[in-house]
Every structure is written in C-alpha cells, then in structure tokens.
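Note that the numbering runs from 1 along the sequence shown for the chain.
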Amino acid sequence: MPSPSSATLDIISLRQHSDELLSRCQWSRERLLSHQRQELQATLQHAVHSSPYYRDAIGTLVAQGAALEELPVLTKHALMENFDRIVTDDRLKRLLVERHLDGDNPGSLLLGEFNVAATGGTTGERGITAFDGAAWLTAIANMVRFQKIVGIDETTRSMAVFASSPVHISHRIGAELRAIRPKAPGLNVLMPIEAIVEALNAYQPEVISTYPSFVRVLAAEQRAGRLRIKPRLFRTSAETLTQDVRDVAVETWQATVANSYVCTEAGPMGHECLGADGLHLAEDAFVFEAVGADNRPVPDGTQGSKLLVTTLTNRTLPLVRYEISDIVTLATEPCPCGLPFWRIASIAGRREEMLRFARRGGGTIDVHAHRLRSPLTSTTGVRQFQFAPLTDGLEITISVFPGVDADAVSRKIESAVRAALNAIDAQPSRILVTVVDTIERSGSGAKERLVAVSTAHGLDEK
C-alpha cells in the first residue's frame with residue numbers, strides 16, 4: 001500500500017500566489033484574453049526551443065506564425081509514446097516517473113523537485129504527468145482561488161473524500177489543501193463507510209469535496225440516520241456531474257453542488273461559481289478549444305466531440321492542444337456573477353461512454369450512457385449501476401440496498417431502459433440486468449466507471 005502523500009508547498013507562498021490569481025477575477029475579459037495570448041506565444045516558443053518533440057512537430061508552424069488551431073493535436077497515446085522527447089528536462093524519463101509512481105512513496109517529490117501523478121482515465125490507457133515547482137504552485141493556488149470564489153477560506157470546515165492513493169492527483173491536491181486546514185481528516189472513498197461516517201459526524205464539515213457518485217452514497221447514509229451532518233456545499237470532480245446528484249444534495253441537505261474540473265495531466269482547470277450554471281475556465285493558465293471530430297472549433301452553444309487544452313504554466317511538461325475526450329458545450333453568454341472567465345455550459349460525458357445499438361429501420365444509432373441514467377436513478381432500491389456494451393445489446397450491472405427485491409428491480413429497469421431506447425429508435429436485441437453485491441471503484445483514482453467492459457463474456461460470444 002503506498003504511503004500517504006504530504007504537502008510539498010510553502011503555505012505562505014501558496015497564500016500569496018492564490019491571492020494574486022484571485023485578483024485576476026477583477027480583470028476585464030479583454031485584459032484576460034490579452035494575457036492569455038501573451039502566455040500562449042511564450043509557451044509555444046518555449047516548447048519549440050526546449051522540447052525535441054515540439055521542435056519537430058510544430059517548430060516550422062510556430063516560426064510561420066500559424067494559429068493555434070493549425071497545430072497538430074496531442075493525444076494521450078502520443079504523450080505516452082513521446083514522453084521523453086516532450087518533457088523539457090533531460091533528467092525526466094517515462095521509466096523513471098513510472099518507477100517512482102510504482103514505488104513505496106509516490107507522493108514524494110521525484111528528484112526532490114517534481115510532483116508526478118498517473119491516471120488510467122476512462123480510456124483505460126495510463127497517462128503520467130510531471131509538474132515542476134512553479135507549475136505545481138500555480139495548480140494548487142488556482143484551486144485555492146476557485147475555492148475562495150465559492151466562499152471557502154482557511155476558516156471553513158472543508159474536507160475532501162477522493163482517491164486512496166497518492167498516485168492520483170486528487171489525493172495530492174487534498175494533501176496540499178489539508179496543510180492549510182490541519183484539522184480536516186484525511187479520508188478516501190475506499191475506506192469502510194462506517195469510518196467515513198464516524199469522521200464526518202465528528203468533524204461536521206460545511207463543505208465536502210468528492211466524486212458525484214459518492215454524494216449519493218453519503219445521501220443514503222444520511223437518510224438511514226447513520227450520517228448526521230449539515231453541509232452547505234458539495235464540490236464535485238472527476239466524474240460527470242448530473243442533475244440527479246444536484247437534486248439529491250438539495251433534497252437531503254438543502255446544499256448546493258458546485259462542480260470543479262481537474263485533469264491529471266494539466267491540473268485544476270475550472271470551477272463553478274455559486275450560481276452552479278457552468279464551469280468557469282481558468283483562461284489565464286490554459287487555452288481551451290471545443291472541437292468536432294475533425295479537430296476544428298465548434299461555435300459556442302454547439303456540442304463538441306472533444307476538448308483540446310493547451311497549458312500555459314507548466315514549463316517542464318508543456319501540453320499543446322492536448323486531447324480530452326469530454327463532450328462539452330461552451331456557454332453563449334457571460335455568467336451573471338461577473339467573472340471574466342468563459343464557461344463550459346455542460347459536459348455530456350466522455351466519448352468512451354457512447355453506446356451503439358441497432359436502429360429501427362436499419363443501421364445503427366449511438367446513444368450516450370448518460371441518457372440512460374434516469375431509469376436507474378428513479379428506480380427505488382438501486383444503490384449502484386454500470387453499463388457495458390454487448391454485441392447484440394446492453395448489460396446493466398446493479399447493486400441494490402438490503403431488503404430490496406432484486407428480481408423486481410431488475411425487471412423494472414429492463415422495461416424502463418428498453419422503453420427509453422425505443423423512444424429514440426434504438427432496438428437492442430438483448431438487455432441483460434446483472435445483480436452484484438457491490439460495483440468496485442476503478443483505478444488509482446477510485447472513480448465509478450459508468451461504462452465498463454461486459455462481464456457476460458460467455459453469453460456474449462457467438
């Protein structure tokens with residue numbers, strides 16, 4: 001078991017830098033975009049000068065003054081294949097980073113300088129990242145800035161329940177934030193729920209940061225009378241936040257849910273204000289592009305196929321047009337809160353969560369798994385659920401609460417999902433509902449995976 005990570009940042013420096021970033025919230029949008037353009041040019045010049053990969057991939061285009069959208073896209077696969085040539089410090093090698101992450105103390109600084117982390121993401125392909133000291137300071141200060149925007153300061157009884165392993169960035173961010181709130185307990189979602197409930201009851205948090213799926217877990221404990229807390233705010237991250245989670249928080253605690261946006265490879269990228277109407281993007285630290293399948297920009301208000309992110313603060317691992325498979329729609333108008341940052345209006349999920357079915361009349365139809373959540377979340381007794389594609393349909397794995405008639409729930413779910421698919425002309429030959437005791441969280445981040453590989457291999461073979 002990896003040892004817990006500890007804070008690596010000087011608290012005074014973190015406070016000063018977060019205050020500096022917070023002051024940018026008063027900038028005009030014109031000033032913000034001017035700053036972004038200057039930082040982008042500096043980033044591209046640095047990448048071409050210091051990274052062999054970027055020198056070959058974009059050197060000529062940058063010298064010609066090409067626009068950002070003319071530069072090639074960097075996928076996770078390409079990042080991992082070319083890691084040693086992308087990083088700008090010759091000491092950093094992919095094998096060295098991976099050995100550190102697989103070692104006994106992955107939460108410690110690599111070479112005494114670099115915070116490194118890994119992710120499996122929803123693609124199943126491992127990705128690694130490295131932050132130099134200045135980049136890590138900015139990443140955590142950015143998170144502190146966004147927390148202050150939603151009314152969280154060092155006196156707030158705020159705590160996090162995220163990943164169990166310091167390999168994961170949410171665990172590492174939590175360690176830094178606990179350093180400025182030393183009384184906050186260190187919890188993770190893989191701990192026994194009884195221990196989590198006991199710690200929450202003792203601490204009585206005003207704010208809890210966790211996965212959207214874990215908000216539902218805590219709500220079930222509160223309704224059962226075992227958990228007795230009164231949070232005013234939940235901050236969610238790492239999984240797609242859906243309306244049912246916001247509704248559960250209101251119904252159970254009269255609490256607001258403010259979503260945050262973090263990518264392991266890039267760090268904290270955005271956060272909702274208390275209006276909870278879209279993610280404000282940290283455009284002073286990143287450039288964001290919502291694009292279609294052809295990597296060309298889509299208009300604001302139009303759903304893209306992916307998001308491209310260019311980092312402006314990490315000189316050790318610059319990412320230029322790094323592909324994130326989130327299906328996002330950018331807002332069409334500024335937020336009434338007055339922040340200068342543009343927003344992601346909605347995230348429909350990941351491309352990897354798309355399911356394909358036979359279409360009535362011939363052909364196929366793609367349906368995002370999030371469109372099928374409602375029959376599950378509205379069915380009494382369902383504790384967890386997960387989808388998996390079959391060659392001729394869909395497998396739905398569920399766990400139910402004690403005392404629930406699992407067979408009756410399964411029949412209700414099958415009927416409701418089939419009706420939802422029929423309404424959009426999707427006609428799977430088979431919908432298989434499988435009941436298990438629990439659906440394990442996946443990867444070092446311990447997230448709930450909405451779409452997984454089917455467990456019905458024998459049934460699915462032709």
E395 and T434: side-chain donor and acceptor closer than 3.5 Å? yes
Taking atom types as modelled and ignoring hydrogens, do the side chains of S429 and D392 form a donor-acceptor contact shorter than 3.5 angstrom? no
Separation between CD of E113 and CZ of F131, rounded to the nearest 0.5 Å: 15.5 Å
List the atom of E176, the atom of W136, and the distance in Å for their closest heavy-atom pair. OE2-NE1, 2.9 Å
Of all residues at least two apart in sequence or in a different chain, which pass the salt bridge (Lys or Arg N to Asp or Glu O under 4.0 Å) check with R356? D366
Tell me whether the rings of F234 and W253 are parallel (<30°), tilted (30 to 60°) or perpendicular (>60°). tilted
Does any non-hydrogen side-chain atom of P231 lie less than 4.5 Å from one of E206? no
Is any side-chain heavy atom of V97 less than 4.5 Å from a side-chain heavy atom of T129? no
Hey, could you give me the CD1/CZ distance between I169 and R172, rounded to the nearest 0.5 Å? 8.0 Å
Under the rule for side-chain contact (heavy atoms from CB on, under 4.5 Å), what residues qualify as partners of K230, not counting sequence neighbours? none
Calculate, to the nearest 0.5 Å, the distance between atoms OG1 and OH belonging to T240 and Y211 respectively. 13.5 Å
Scan side-chain atoms only and decide if N259 and T236 contain a donor-acceptor pair under the 3.5 Å cut-off. yes
For T75 and H77, does a side-chain donor sit closer than 3.5 Å to a side-chain acceptor? no
With I347 as reference, evaluate L279, T242, I327, L241 under the side chain to side chain contact (heavy atoms under 4.5 Å, CB included) test and give the passing residue. L279
Taking only residues two or more places apart in sequence or in another chain, which ones pass side-chain contact (heavy atoms from CB on, under 4.5 Å) with D10? I12, S13
A78 and I86: which non-hydrogen atoms are nearest, and at how many Å? O-CD1, 4.3 Å
Does some side-chain heavy atom of I344 sit less than 4.5 Å from a side-chain heavy atom of T329? no
Could you tell me if the side chain of K306 sits less than 4.5 Å from the side chain of V328, heavy atoms only? no
Can you list the residues that meet the side-chain hydrogen bond (donor to acceptor under 3.5 Å, both in side chains) rule with Q16, with sequence neighbours excluded? none
Within the 3.5 Å criterion, strictly below it, is a donor on S165 or H171 matched to an acceptor on the partner's side chain? no
Could you note down all residue pairs passing ring-ring contact (aromatic ring centres under 6.0 Å, His included) where residues 303-331 supplies at least one of them, sequence neighbours left out? none
Can you name the nearest heavy-atom pair linking I208 to V161, along with the distance? CG2-CG2, 4.4 Å
Under a 3.5 Å cutoff, is there a donor and acceptor pairing between the side chains of E239 and S213? yes
Using the test side-chain hydrogen bond (donor to acceptor under 3.5 Å, both in side chains), find all partners of D19 that sit at least two apart in sequence or belong to another chain. K148
State whether a side-chain donor-acceptor pair under 3.5 Å links S158 with R235. no
Do E283 and W342 have side-chain N/O donor and acceptor atoms under 3.5 Å apart? no
Write out all pairs satisfying ring-ring contact (aromatic ring centres under 6.0 Å, His included) with one or both partners inside residues 90-113, taking only residues at least two apart or from two chains. none
side-chain contact (heavy atoms from CB on, under 4.5 Å) filter on V404, not counting sequence neighbours, yields V400, F401, V409
Only one of T310, L79, V309 forms a side chain to side chain contact (heavy atoms under 4.5 Å, CB included) with L319, so which one is it? L79
Are more than 12 heavy atoms from other residues, nucleotides or ligands located less than 6.0 Å from atom CZ of R226? yes
On a heavy-atom basis, which atom in D84 and which in L92 lie closest, and how many Å separate them? OD1-O, 4.4 Å
Enumerate the residue pairs fulfilling salt bridge (Lys or Arg N to Asp or Glu O under 4.0 Å) with a member in residues 246-259, sequence neighbours excluded, ordered by first and then second residue. R246-E272
Are V144 and Q147 side-chain neighbours, meaning at least one heavy-atom pair lies under 4.5 Å? no
How long is the span from the CZ atom in R343 to the CG atom in L281, to the nearest 0.5 Å? 10.0 Å
For residues 188-199, which side-chain donor-acceptor pairs fall under 3.5 Å, sequence neighbours excluded?
from	atom 1	to	atom 2	distance (Å)
N188	OD1	L190	N	2.9
N188	OD1	M191	N	3.2

Please identify each residue that fulfils side-chain hydrogen bond (donor to acceptor under 3.5 Å, both in side chains) with R145, with sequence neighbours left out. N142, D284
Consider only side-chain N and O atoms of T311 and N314, and report whether a donor and an acceptor are under 3.5 Å apart. no
Does the side-chain contact (heavy atoms from CB on, under 4.5 Å) test come out yes or no for V262 and F162, once each step is laid out? CA-CA 13 Å; V262 179; F162 276 116; over 6 Å; no
CE of M80 to CZ of F83, rounded to nearest 0.5 Å, is 7.5 Å
Holding to side-chain hydrogen bond (donor to acceptor under 3.5 Å, both in side chains), I want the full list of residues that pass it with T88, two or more places apart in sequence or in another chain. none
